Q: 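Next up is a structure, given as structure tokens.
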2 protein chains.
Amino acid sequence: MKTRKTEIAIIGAGTAGLSAYGIVKKSTQDILLINEGLYGTTCARVGCMPSKVLIQAANDYYRRHQLKKQGIHGGDNIRIQTDETLQYVRSMRDYFVSFVLDTIDSIGDRNIQGKAQFLEPDTLQVNDQIIQASKIILATGSTPVIPEPLESMRKKDNSRVLTTDELFEQQNLPDSIAVIGSGPLGMELGQALHRMGVKTHIFGRSRTVGGLSDPDVIAYAIKNFQDELPLSYTQELCYSERGDKIEISWEEENKSRSIQIKKVLTATGRRPNVNGLRLEEIGVPFDEKGIPEFNPETMQIADFPIYIAGDVTSELPILHEASDEGQIAGWNCTHEVTAFNRRTPLAITFCEPNIARLGKSFRALEDGTYQTGEVLFDSQGRATIKQENKGMLHVYGENGSGLLLGAELAAPAGEHLAHLLSWAIANKMTVFDALAAPFYHPVIEEGLRTCLRDLAKKIDSERDGLEIQFK
Amino acid sequence: MKTRKTEIAIIGAGTAGLSAYGIVKKSTQDILLINEGLYGTTCARVGCMPSKVLIQAANDYYRRHQLKKQGIHGGDNIRIQTDETLQYVRSMRDYFVSFVLDTIDSIGDRNIQGKAQFLEPDTLQVNDQIIQASKIILATGSTPVIPEPLESMRKKDNSRVLTTDELFEQQNLPDSIAVIGSGPLGMELGQALHRMGVKTHIFGRSRTVGGLSDPDVIAYAIKNFQDELPLSYTQELCYSERGDKIEISWEEENKSRSIQIKKVLTATGRRPNVNGLRLEEIGVPFDEKGIPEFNPETMQIADFPIYIAGDVTSELPILHEASDEGQIAGWNCTHEVTAFNRRTPLAITFCEPNIARLGKSFRALEDGTYQTGEVLFDSQGRATIKQENKGMLHVYGENGSGLLLGAELAAPAGEHLAHLLSWAIANKMTVFDALAAPFYHPVIEEGLRTCLRDLAKKIDSERDGLEIQFK
């Protein structure tokens with residue numbers, strides 16, 4: 001076998017790998033990018049981008065129910081052709097993927113197609129080549145998980161059980177579908193399918209939505225989604241085939257329930273692609289979840305010359321984190337190994353109302369150290385005008401100082417509120433600083449102000465009620 | 001005449017007056033609130049709130065053009081009944097006004113209806129009462145300006161020339177309308193009327209829109225609005241009556257042009273209500289614009305026991321500023337006179353794309369002290385998905401430090417971007433701090449990031465391209 005030497009080898013041409021590539025090439029041109037399977041990033045090909053296109057169409061269609069009240073007629077006669085919508089989603093996806101492919105093309109023959117396997121910590125086999133690299137970056141991404149009974153059913157007939165990777169490839173949507181998983185993917189796609197007219201039932205295992213951990217916000221959000229669509233929580237689902245349908249039965253609040261649906265969409269998460277790399281053979285240590293042990297501030301795996309980045313870490317399956325991890329890995333492969341500050345955590349689920357958590361989640365707060373500000377958006381001015389007046393926001397502030405710590409929310413324009421709050425936290429603002437910042441009128445951000453006022457009062461009940469500050 | 005003594009008299013029960021009232025009553029119950037005319041604040045009765053309801057309906061109706069591309073059919077058959085829309089606007093207005101009226105009711109007999117006139121710096125006449133007050137707060141608001149030829153036309157037939165105060169009282173919208181003024185009110189209402197199907201022509205005097213001062217952003221925004229609707233700039237408009245129509249003629253790019261329209265909406269601004277108060281008789285000094293001279297950090301008029309707040313100052317006819325001014329005036333009437341820090345400037349025009357300026361406007365920047373970051377939203381990812389990919393954003397950063405100074409924009413989700421940026425400026429973030437804050441994917445805020453990257457490169461071309469920061 002031929003041996004090819006390189007300074008840096010990057011395994012995986014997704015978001016993390018390409019981000020690492022961008023940093024590495026500032027220091028050296030001696031890089032190889034190794035990729036197995038399709039090009040185009042999970043985000044652009046099957047993730048963030050096509051799902052947002054589907055959600056936009058679903059919400060634009062659903063808006064017809066809000067028209068009559070405003071004197072706009074004809075909404076009842078609007079119809080969606082889901083085959084056309086899916087075609088549109090694919091055309092937009094191809095547009096977004098094309099940017100990624102352009103980047104790949106520009107890499108030329110430094111890009112190798114094939115599966116990489118470790119022979120030594122600094123040696124890979126790819127196809128019939130041996131590649132020796134001073135440093136290796138592992139950015140192999142993730143694959144959707146299919147829970148067991150469905151995996152078997154799928155083996156018999158793969159048209160009935162879809163993964164989120166396959167949804168956008170459908171020529172048409174089924175009449176009915178069960179969505180397994182109430183996390184970000186399940187809520188986004190489940191609500192979009194429901195709004196597009198598919199009879200949809202979402203199933204969660206643990207009683208939460210979109211990764212929320214604050215029990216009050218969870219309770220509000222679940223109630224709100226259940227007002228719109230069927231959303232059930234259960235530990236176990238039984239599947240059985242009934243002609244061209246699948247029957248799902250489960251226990252809920254001590255009652256036996258069942259439905260029959262045409263298809264099942266699994267949205268229970270993604271598994272990091274660590275198998276088949278022969279990492280165990282070269283002595284890489286794994287944690288109890290089967291992920292190589294690494295330092296999240298340097299992305300180095302133990303003291304190996306191997307760095308890890310992106311979904312394969314199974315830590316933060318979020319695009320901007322994958323991109324940061326790629327940058328850290330890329331930097332540390334080409335410089336003295338340095339620790340980086342990670343960004344203030346921010347996770348958004350693009351259902352309506354948007355779900356978000358940022359900074360410290362409720363789960364991570366320490367009892368007795370904080371206060372919670374609360375607001376409901378049900379009578380908030382601008383939200384009422386937009387007919388989007390559903391939502392709850394909790395902001396956590398440190399006792400005494402009023403330092404903003406974190407927030408969880410299911411709220412209108414939640415994606416924007418979440419950015420505003422996460423920047424405030426990144427910048428160490430207190431609740432009092434935030435109240436002295438501008439709030440225009442009439443905006444959804446005024447709902448946030450109501451929440452901050454509640455928080456400020458809980459932290460310092462003696463304050464004079466002035467929000468502008470003395471000079 | 002009866003004399004009534006009070007500690008604090010507040011003239012005007014609008015946003016500023018009620019805000020002052022809220023602060024004063026924490027120190028004393030000995031207050032009188034004097035109001036002439038209708039109750040209910042300019043904002044709730046004729047300003048921010050009803051205009052946002054109209055804009056929401058107009059945009060929901062206009063969205064029908066974006067449906068087909070997404071596989072949604074029937075948009076062409078949607079129709080708006082503008083009489084129903086206006087009725088809906090009024091019902092929503094009444095809902096918002098009701099909150100103000102509840103506040104007024106709670107004030108009881110400390111609220112006097114009538115016109116106040118100064119007899120002495122501490123003495124007012126209201127109806128047949130003399131009121132002596134230790135301190136007086138002047139919060140008399142503003143009235144729409146009607147430019148002269150229209151004022152005369154209006155005297156003959158008041159149904160043809162409308163002010164923005166009267167628009168929402170119409171039973172129906174005319175077939176055609178000229179909107180005089182390309183400031184915030186003109187752009188918001190002009191675009192909404194156009195989108196509701198009224199043949200609308202907007203006329204500006206100085207070549208700007210929505211109060212922008214940055215020539216590039218102005219040029220982009222004007223071009224963009226002109227792609228959607230007729231928007232002309234001219235120094236002089238000639239009006240003549242033609243049957244049941246009004247003919248407007250003007251010079252534009254050396255050509256004579258004219259249109260015939262049914263009605264004219266004047267949106268050239270509001271005049272502070274200072275006349276008839278007899279302020280000049282008690283020796284109050286006026287500036288060249290006819291506004292009492294006051295200190296914007298204390299709101300005190302010279303060294304009189306009189307404080308001023310809200311639209312009557314003619315400074316910042318913006319609700320949250322009126323509210324702050326009321327708080328400052330209220331505080332300084334009941335405590336030792338103290339200077340306050342005013343909030344970071346923020347002004348938003350709710351047309352599409354939203355227009356905003358914040359922090360230092362372009363006009364206020366000093367040559368050679370700053371760099372400008374720029375982004376166009378025309379191919380921005382999420383904006384493209386939302387089919388709102390029109391916009392330009394300029395962010396100004398200080399040479400050397402990269403301190404964020406201000407921004408001007410006409411951009412999708414501009415109201416949210418403007419809050420994010422104004423908070424960053426309030427909190428003295430640099431462009432480098434901002435780039436290290438979280439940006440989720442895919443969001444409009446990523447367009448802002450592109451702009452910040454451009455700015456960062458202009459401020460420090462030597463940087464390594466890393467946005468996350470070393471620990």
Side-chain angles (χ1 to χ4, degrees), chain A residues 26 48-49 52-53 56-57 60-61 63 67 69-75 77-81 84-85 88 297 319-320 324 327 331 338-341 343-344 346 348 382 385-386 413 415-416 419-420 422-424 426-427 429 433 436-443 445 465-466 468-471, chain B residues 26 48-49 52-53 56-57 60-61 63 67 69-75 77-81 84-85 88 297 319-320 324 327 331 338-341 343-344 346 348 382 385-386 413 415-416 419-420 422-424 426-427 429 433 436-443 445 465-466 468-471:
Chain A
K26 287 178 199 243
C48 337
M49 298 312 273
K52 294 317 152 291
V53 181
Q56 184 66 46
D60 276 348
Y61 179 53
R63 188 72 185 167
L67 301 179
K69 191 174 176 181
Q70 302 178 88
I72 304 168
H73 297 268
N77 298 322
I78 294 177
R79 289 292 169 263
I80 193 163
Q81 286 272 120
E84 292 178 22
T85 306
Y88 170 69
E297 293 179 343
L319 178 120
H320 74 270
D324 284 350
Q327 291 208 355
W331 180 270
T338 308
F340 283 81
N341 281 317
R343 289 177 209 261
T344 302
L346 170 61
I348 299 173
R382 184 72 180 288
I385 291 174
K386 290 165 85 86
E415 55 180 301
H416 303 298
H419 276 87
L420 190 57
S422 67
W423 282 41
N427 217 21
M429 283 174 94
D433 295 334
F439 293 86
Y440 207 74
H441 180 72
V443 293
E445 284 80 356
L466 281 178
I468 32 173
Q469 295 172 346
F470 298 124
K471 198 162 183 179
Chain B
K26 287 178 200 244
C48 337
M49 298 312 272
K52 294 317 152 291
V53 181
Q56 184 66 46
D60 276 348
Y61 179 52
R63 188 73 186 166
L67 301 179
K69 192 175 175 181
Q70 302 179 88
I72 304 167
H73 297 268
N77 297 322
I78 294 177
R79 289 292 169 263
I80 194 163
Q81 286 273 120
E84 292 179 22
T85 306
Y88 170 68
E297 292 179 343
L319 178 121
H320 74 270
D324 284 350
Q327 291 208 355
W331 180 270
T338 309
F340 283 81
N341 280 317
R343 289 177 210 261
T344 302
L346 170 62
I348 299 172
R382 184 71 180 290
I385 291 174
K386 290 165 84 85
E415 55 179 301
H416 303 298
H419 276 87
L420 190 57
S422 67
W423 282 41
N427 217 21
M429 283 173 94
D433 295 335
F439 293 86
Y440 207 73
H441 180 73
V443 294
E445 283 79 357
L466 281 177
I468 31 173
Q469 295 172 346
F470 297 124
K471 199 163 182 178

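The structure presented is a predicted model; accordingly, all values stated were derived computationally and were not measured. So you know, we letter chains A, B, ... as the sequences are listed, proteins then strands, and number each from 1.
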Q: Heavy-atom cut-off 4.5 Å, strictly under: side chain, backbone, both or neither for Gln81(B) against chain A?
A: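 It is both, since atoms from each part get that close.
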Q: With only heavy atoms counted, which part of Thr338(A) is less than 4.5 Å from chain B, the side chain, the backbone, both or neither?
A: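 When you check distances to chain B, only side chain atoms of Thr338(A) fall under 4.5 Å.
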Q: Side chain, backbone, both or neither: which part of Leu67(A) has a heavy atom under 4.5 Å from chain B?
A: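 The side chain, not the backbone.
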Q: I need the Lys69(A) NZ to Tyr88(B) OH distance, nearest 0.5 Å.
A: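 Those atoms lie 5.0 Å apart.
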Q: Relative to chain A, which segment of Lys26(B) carries a heavy atom at a distance below 4.5 Å: side chain, backbone, both, or neither?
A: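 Contact with chain A is through the side chain of Lys26(B) alone.
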Q: Among Thr344(B), Leu346(B), Ile348(B), Thr85(B), single out the residue with the greatest number of heavy-atom pairs under 4.5 Å to chain A.
A: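 Most pairs with chain A among the choices: Ile348(B).
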Q: Heavy-atom pairs under 4.5 Å with chain A - which of Ile78(B), Asn77(B), Asp433(B), Val53(B) has more of them than the others?
A: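 Top count of heavy-atom pairs under 4.5 Å with chain A: Ile78(B).
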Q: Picking from Gln469(A), His441(A), Glu84(A), which has the most non-hydrogen pairs under 4.5 angstrom with chain B?
A: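 The candidate making the most pairs under 4.5 Å is His441(A).
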Q: Top residue by heavy-atom pair count (under 4.5 Å) with chain A, among Lys52(B), Met49(B), Gln56(B)?
A: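 The answer is Gln56(B).
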Q: With distance as the sole test, does His416(A) use its side chain to make a donor-acceptor pair with the main-chain N or O of Glu445(B) at under 3.5 Å?
A: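 Looks like no, no N/O pair under 3.5 Å.
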Q: Taking every heavy-atom pair that is under 4.5 Å apart, which of Arg382(B), Glu297(B), Arg343(B) has the most such pairs with chain A?
A: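 With the most close heavy-atom pairs to chain A, the winner is Arg343(B).
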Q: To the nearest 0.5 angstrom, please state how far the CZ atom of Phe439(B) sits from the CG atom of Asp324(A).
A: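 That separation rounds to 11.0 Å.
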Q: Parallel, tilted or perpendicular: which fits the ring planes of Tyr440(A) and His320(B), with parallel below 30° and perpendicular above 60°?
A: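 It falls in the perpendicular class, over 60°.
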Q: Starting at NE2 of His73(B), measure out to CD1 of Ile80(A) and round the result to the nearest 0.5 Å.
A: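 Reported to 0.5 Å precision, the distance equals 8.5 Å.
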Q: Measuring from atom CG of Asp60(A) to atom CD of Gln70(B), what distance do you get when rounded to the nearest 0.5 angstrom?
A: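 Answer rounded to 0.5 Å: 4.5 Å.
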Q: Picking from Ala424(B), Ala413(B), Gly75(B), Pro442(B), which has the most non-hydrogen pairs under 4.5 angstrom with chain A?
A: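 Ranked by heavy-atom pairs under 4.5 Å with chain A, first place is Pro442(B).
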Q: About how many Å separate CG of Leu420(B) and CG of Leu420(A), when rounded to the nearest 0.5 Å?
A: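 Interatomic distance, Leu420(A) CG to Leu420(B) CG, rounded to 0.5 Å: 6.0 Å.
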Q: Name the member of Trp423(B), Tyr61(B), Phe470(B) that forms the most heavy-atom pairs with chain A at distances under 4.5 Å.
A: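 Heavy-atom pair counts peak at Trp423(B).
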Q: Identify which of Gly74(A), Ala57(A), Pro438(A) forms the greatest number of heavy-atom pairs closer than 4.5 Å to chain B.
A: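 Between Gly74(A), Ala57(A), Pro438(A), the count favours Pro438(A).
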